[in-house]
A.B. asks: 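First the structure, then my questions, so here it is.
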Amino acid sequence: GKEILLDAFENFGEIIKKTIEKGFCEEILECKRTKEKIRAIVFKGQAYLWMIGEVITEKLLVDEIISERLETLSTYLELAPVFFVVLDENGIISYINNWTLEKTGYKFAEVIGKNWFEIFIPADIRKTLLEVFADIMDGKVELRQTYENEILAKDGSTITVLWENKLLTKGGKPYGTISVGVDVTDQKVKDFEEQVLLEILDASSDANYHASISKISRILSKTCNARKVIGTIRTPEEAKNIELLNMDNTDRTEYYKFEKSTDEKTITLEMHCGTLPSYATYNCLQNVANVLINFLDRIYYIQKLEEASFRDPLTNLFNRRYFIMMLQSEIRRIKRYGGNASIVMIDLDGLKQINDTLGHDMGDLAIKTLARAMLENTRNSDICARFGGDEFAILLPNTTIQNAQLTIQRLMNYLDNLDIKEFKVSMSAGITKILPEDDTEGISVLKRADELLYKAKKKRKACYCG
């Protein structure tokens with residue numbers, strides 16, 4: 001019988017050797033004459049080798065191959081780092097792989113047989129996606145092969161997934177979808193951060209730093225939902241604030257503070273932001289802050305150079321030119337964001353009489369006394385200026401007309417309490433607020449303040465109108 005089998009089947013001799021060595025062997029043999037395939041199981045007895053065989057049909061082979069491949073595919077889908085989801089025609093989850101469950105924090109039993117859209121799709125887009133899915137199942141619209149959207153994890157966080165979709169059909173009618181997706185959240189965060197930084201760097205490169213601040217404020221408002229952004233530069237001699245954005249209302253905002261110190265100064269950036277956009281992380285804000293701090297450092301040195309040419313030599317107050325520049329910048333801010341700001345026009349009462357009776361050195365002392373009083377009774381962010389002669393002005397950002405009146409009353413009280421033997425220093429003032437309809441040159445608001453100043457001077461000395 002051995003010789004017959006050797007003649008009938010290829011490699012039967014090898015099977016005999018394996019069986020003798022191991023005691024058992026299973027192989028598929030092909031008959032030389034009929035070309036039929038037989039699954040042979042050979043095992044070693046005490047005196048004989050025993051063989052059991054069955055004829056394998058083409059269909060059986062195909063089924064086995066498919067079964068093996070499905071098993072391999074199933075293993076791959078469970079281990080592969082991709083989202084894999086099968087939905088039926090109602091959006092019910094028929095299959096979901098282990099990676100998807102791990103990334104979203106769910107267990108298999110919590111989601112299988114449940115509606116995909118109700119569990120995984122954020123509320124703000126759920127209705128739209130449900131309607132689109134229903135239209136796809138009804139054949140009204142075609143399924144988009146590639147699609148990107150956010151899905152919800154169990155802890156409420158979101159994951160951005162780029163999907164490849166396949167429509168399942170039977171008899172030409174859709175009965176579900178297969179979707180394979182990759183997590184692109186980190187890439188989205190990176191792209192968002194790069195875009196914001198590029199926009200800010202481009203804006204900060206403008207030769208006119210006032211224009212740069214205006215552009216940066218728009219970028220921060222749009223990309224980071226910022227409401228208020230203020231930089232402070234502290235040196236042993238002074239603390240200087242530079243306002244990049246101020247929308248007044250900082251309710252329901254998060255506060256962020258960033259700082260950079262050197263031997264000669266410390267720069268602090270304070271940010272008040274509403275709910276951050278999906279891809280605006282704390283790390284993104286930190287990198288934005290680093291760019292802004294360098295920008296603030298550059299502005300500080302530019303302003304120090306400007307101040308040398310924008311200062312009144314007698315009082316060290318700002319001069320008219322600088323005041324008008326700051327006024328125009330504040331008007332632009334009010335027009336864009338709204339809010340409050342006031343200006344005050346001031347006359348030093350009786351300067352001509354002091355000059356004529358006591359001499360110009362006493363007149364200069366009166367001018368310097370008023371200038372010092374203005375600085376001591378206003379904030380660092382306020383702009384105190386001498387227009388020339390006995391004319392002065394104050395720009396009060398983020399100040400209502402009522403608070404501006406309180407500031408001027410405090411200043412007048414301060415002057416009234418000064419003990420100067422030779423003369424008494426007093427002032428008259430016209431106070432007005434900046435309106436959104438004021439021209440950007442500042443002509444209309446200055447004219448209003450001048451008219452109120454004239455009205456105050458007609459009443460009596462040491463008086464204000466506003």
Side-chain angles (χ1 to χ4, degrees), residues 103-105 121-126 149-160 183-204 212-234 239-261 265-297 299-300 330 333-334 336-341 379-381 397-400:
K103 292 289 284 185
T104 58
I121 301 302
D124 58 333
I125 61 172
R126 185 179 300 148
N149 70 280
E150 291 182 344
I151 64 171
L152 284 171
K154 191 174 181 178
D155 62 6
S157 62
T158 58
I159 305 167
T160 304
D183 184 353
V184 294
T185 309
D186 290 343
Q187 187 60 46
K188 285 286 184 181
V189 169
K190 183 181 176 183
D191 292 346
F192 177 84
E193 184 176 318
E194 286 180 356
Q195 183 61 34
V196 175
L197 291 174
L198 283 172
E199 287 185 24
I200 292 175
L201 285 168
D202 182 59
S204 64
S212 289
I213 289 175
S214 181
K215 292 176 184 176
I216 287 171
S217 68
R218 290 196 294 272
I219 294 167
L220 293 175
S221 176
K222 179 186 72 173
T223 61
C224 301
N225 200 14
R227 307 272 181 80
K228 188 175 183 179
V229 183
I230 295 178
T232 303
I233 297 95
R234 290 183 176 84
K240 186 176 183 64
N241 290 332
I242 299 176
E243 190 176 277
L244 299 179
L245 172 64
N246 195 339
M247 298 174 70
D248 284 340
N249 183 12
T250 55
D251 294 341
R252 298 179 182 177
T253 58
E254 289 290 329
Y255 173 74
Y256 303 92
K257 183 178 179 180
F258 306 93
E259 197 167 86
K260 179 182 178 181
S261 297
K265 63 181 174 297
T266 297
I267 303 176
T268 304
L269 185 77
E270 296 174 281
M271 299 179 71
H272 295 262
C273 300
T275 304
L276 292 177
S278 300
Y279 306 119
T281 62
Y282 178 79
N283 185 65
C284 174
L285 287 185
Q286 202 164 31
N287 289 329
V288 166
N290 289 335
V291 174
L292 293 177
I293 284 172
N294 290 332
F295 175 63
L296 291 168
D297 196 19
I299 290 178
Y300 176 72
E330 189 66 12
R333 185 184 73 82
I334 295 293
R336 178 169 293 278
Y337 300 111
N340 295 293
R379 305 164 299 183
N380 287 335
S381 57
N398 302 304
T399 306
T400 63

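Because only heavy atoms are used, hydrogens play no part in the values below, and waters and symmetry mates are left out as well, while side chains stay in.
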A.B. asks: Return yes if some donor-acceptor pair links the side-chain N/O of Ser212 with the main-chain N/O of Ala203 below 3.5 Å, else return no.
C.D. replies: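 Indeed, once roles are kept as given, a pair shorter than 3.5 Å links the two residues.
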A.B. asks: Lys103: what forms a salt bridge (charged side-chain N to carboxylate O under 4.0 Å, His left out) with it, not counting sequence neighbours?
C.D. replies: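 Testing Lys103 for salt bridge (charged side-chain N to carboxylate O under 4.0 Å, His left out), a comparison that skips the adjacent residues, returns Asp183.
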A.B. asks: With heavy-atom distances below 4.5 Å as the criterion, would you say the side chains of Asn149 and Ile121 are in contact?
C.D. replies: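 Contact flag for Asn149/Ile121 side chains = yes.
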A.B. asks: Minimum heavy-atom separation for Ala341 and Pro397, please, with both atom names.
C.D. replies: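 Smallest heavy-atom distance, with atoms named: CB-CA, 4.1 Å.
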A.B. asks: Let me confirm one number: the CD1-NZ distance from Ile299 to Lys240, rounded to the nearest 0.5 Å.
C.D. replies: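 Separation between the atoms: 10.5 Å.
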A.B. asks: How long is the gap from SG on Cys224 to CD1 on Ile219, to the nearest 0.5 Å?
C.D. replies: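 Here the interatomic distance stands at 9.5 Å.
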A.B. asks: Could you go through Asn287 and Leu197, starting from their C-alpha distance and side-chain angles, then the distance that decides it, and tell me whether this counts as side chain to side chain contact (heavy atoms under 4.5 Å, CB included)?
C.D. replies: CA-CA 8 Å; Asn287 289 329; Leu197 291 174; 4.2 Å; yes
A.B. asks: Say you draw a straight line from CG of Asn294 to OG of Ser204; how long is it, rounded to the nearest 0.5 Å?
C.D. replies: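 Here the rounded value is 9.0 Å.
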A.B. asks: Could you check if a side-chain atom of Thr223 sits within less than 4.5 angstrom of a side-chain atom of Val196, using non-hydrogen atoms only?
C.D. replies: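 Yes, side chains in contact.
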A.B. asks: Is the shortest side-chain heavy-atom distance between Thr104 and Ile151 below 4.5 Å?
C.D. replies: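 Thr104 reaches Ile151 side chain to side chain.
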A.B. asks: Less than 3.5 Å apart, which donor and acceptor atoms pair up between the side chains of residues 266-280 and the rest of the protein, not counting sequence neighbours?
C.D. replies:
{"residue": "Thr266", "atom": "OG1", "partner": "Ser261", "partner atom": "OG", "Å": "3.2"}
{"residue": "Thr268", "atom": "OG1", "partner": "Glu259", "partner atom": "OE2", "Å": "3.0"}
{"residue": "Glu270", "atom": "OE2", "partner": "Tyr255", "partner atom": "OH", "Å": "2.5"}
{"residue": "Ser278", "atom": "OG", "partner": "Glu150", "partner atom": "OE2", "Å": "3.4"}
{"residue": "Tyr279", "atom": "OH", "partner": "Thr160", "partner atom": "OG1", "Å": "2.7"}

A.B. asks: Tell me whether Arg227 contacts the main-chain N or O of Leu245 through its side chain, where contact means a donor paired with an acceptor under 3.5 Å.
C.D. replies: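 Pair absent, no side-chain N/O of Arg227 close to backbone of Leu245.
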A.B. asks: Taking only residues two or more places apart in sequence or in another chain, which ones pass ring pair (Phe, Tyr, Trp, His ring centres under 6.0 Å) with Phe258?
C.D. replies: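 Phe258 satisfies ring pair (Phe, Tyr, Trp, His ring centres under 6.0 Å) with Tyr282 once adjacent residues are dropped.
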A.B. asks: For Arg333, what residues pass the salt bridge (charged side-chain N to carboxylate O under 4.0 Å, His left out) criterion, not counting sequence neighbours?
C.D. replies: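 Here the qualifying residues are Glu243, Glu330.
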A.B. asks: Using the rule given for side chain to side chain contact (heavy atoms under 4.5 Å, CB included), can you reason through Val291 versus Ile200, listing the C-alpha separation, both sets of side-chain angles and the distance that settles it, and then say yes or no?
C.D. replies: CA-CA 8 Å; Val291 174; Ile200 292 175; 3.8 Å; yes
A.B. asks: Could you walk me through whether Asp202 and Lys215 satisfy the side chain to side chain contact (heavy atoms under 4.5 Å, CB included) test, starting with their C-alpha distance in whole Å, then the side-chain angles of each, then the deciding distance to 0.1 Å, before giving a yes or no?
C.D. replies: CA-CA 9 Å; Asp202 182 59; Lys215 292 176 184 176; 6.0 Å; no
A.B. asks: Is there a donor in the side chain of Tyr337 and an acceptor in the side chain of Ser217, or the other way round, less than 3.5 Å apart?
C.D. replies: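 There is such a pair between these side chains.
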A.B. asks: For the atom pair CG (Asn225) and OG1 (Thr253), what is the distance rounded to the nearest 0.5 Å?
C.D. replies: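 It is 9.5 Å, given to the nearest 0.5 Å.
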A.B. asks: Can you confirm whether the side chains of Asn290 and Gln286 place a donor and an acceptor under 3.5 Å from each other?
C.D. replies: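 Checked: Asn290/Gln286 side chains show no N/O donor-acceptor pair below 3.5 Å.
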A.B. asks: I'd like to check the side chain to side chain contact (heavy atoms under 4.5 Å, CB included) partners of Asp155; sequence neighbours left out, ordered by chain and number.
C.D. replies: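 Here the qualifying residues are Ala153, Ser157.
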A.B. asks: If you compare all heavy atoms of Tyr300 against all heavy atoms of Ile242, which two are closest, and at what distance to 0.1 Å?
C.D. replies: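 Nearest pair, atom of Tyr300 first, then Ile242: N-CD1, 4.4 Å.
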A.B. asks: Please identify each residue that fulfils salt bridge (charged side-chain N to carboxylate O under 4.0 Å, His left out) with Lys222, with sequence neighbours left out.
C.D. replies: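 So Lys222 forms a salt bridge (charged side-chain N to carboxylate O under 4.0 Å, His left out) with Glu199.
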A.B. asks: Consider only side-chain N and O atoms of Thr232 and Asn241, and report whether a donor and an acceptor are under 3.5 Å apart.
C.D. replies: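 Side chains of Thr232 and Asn241: pair found under 3.5 Å.
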A.B. asks: Compare all side-chain heavy atoms of Leu220 with those of Leu292 and state whether any distance is below 4.5 angstrom.
C.D. replies: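 Yes, side chains in contact.
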A.B. asks: Give, for atom CG of Leu201 and atom CD of Glu194, the distance between the pair rounded to the nearest 0.5 Å.
C.D. replies: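 The CD atom of Glu194 is 11.5 Å from CG of Leu201, to the nearest 0.5 Å.
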A.B. asks: Should Asp297 and Lys265 count as an ion pair when the cut-off is N to O under 4.0 Å?
C.D. replies: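 Salt bridge flag = yes for Lys265 with Asp297.
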A.B. asks: Just so I know, are the side chains of Leu244 and Ile230 near enough to count as touching, which here means a heavy-atom distance under 4.5 Å?
C.D. replies: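 Leu244 vs Ile230: side chains apart.
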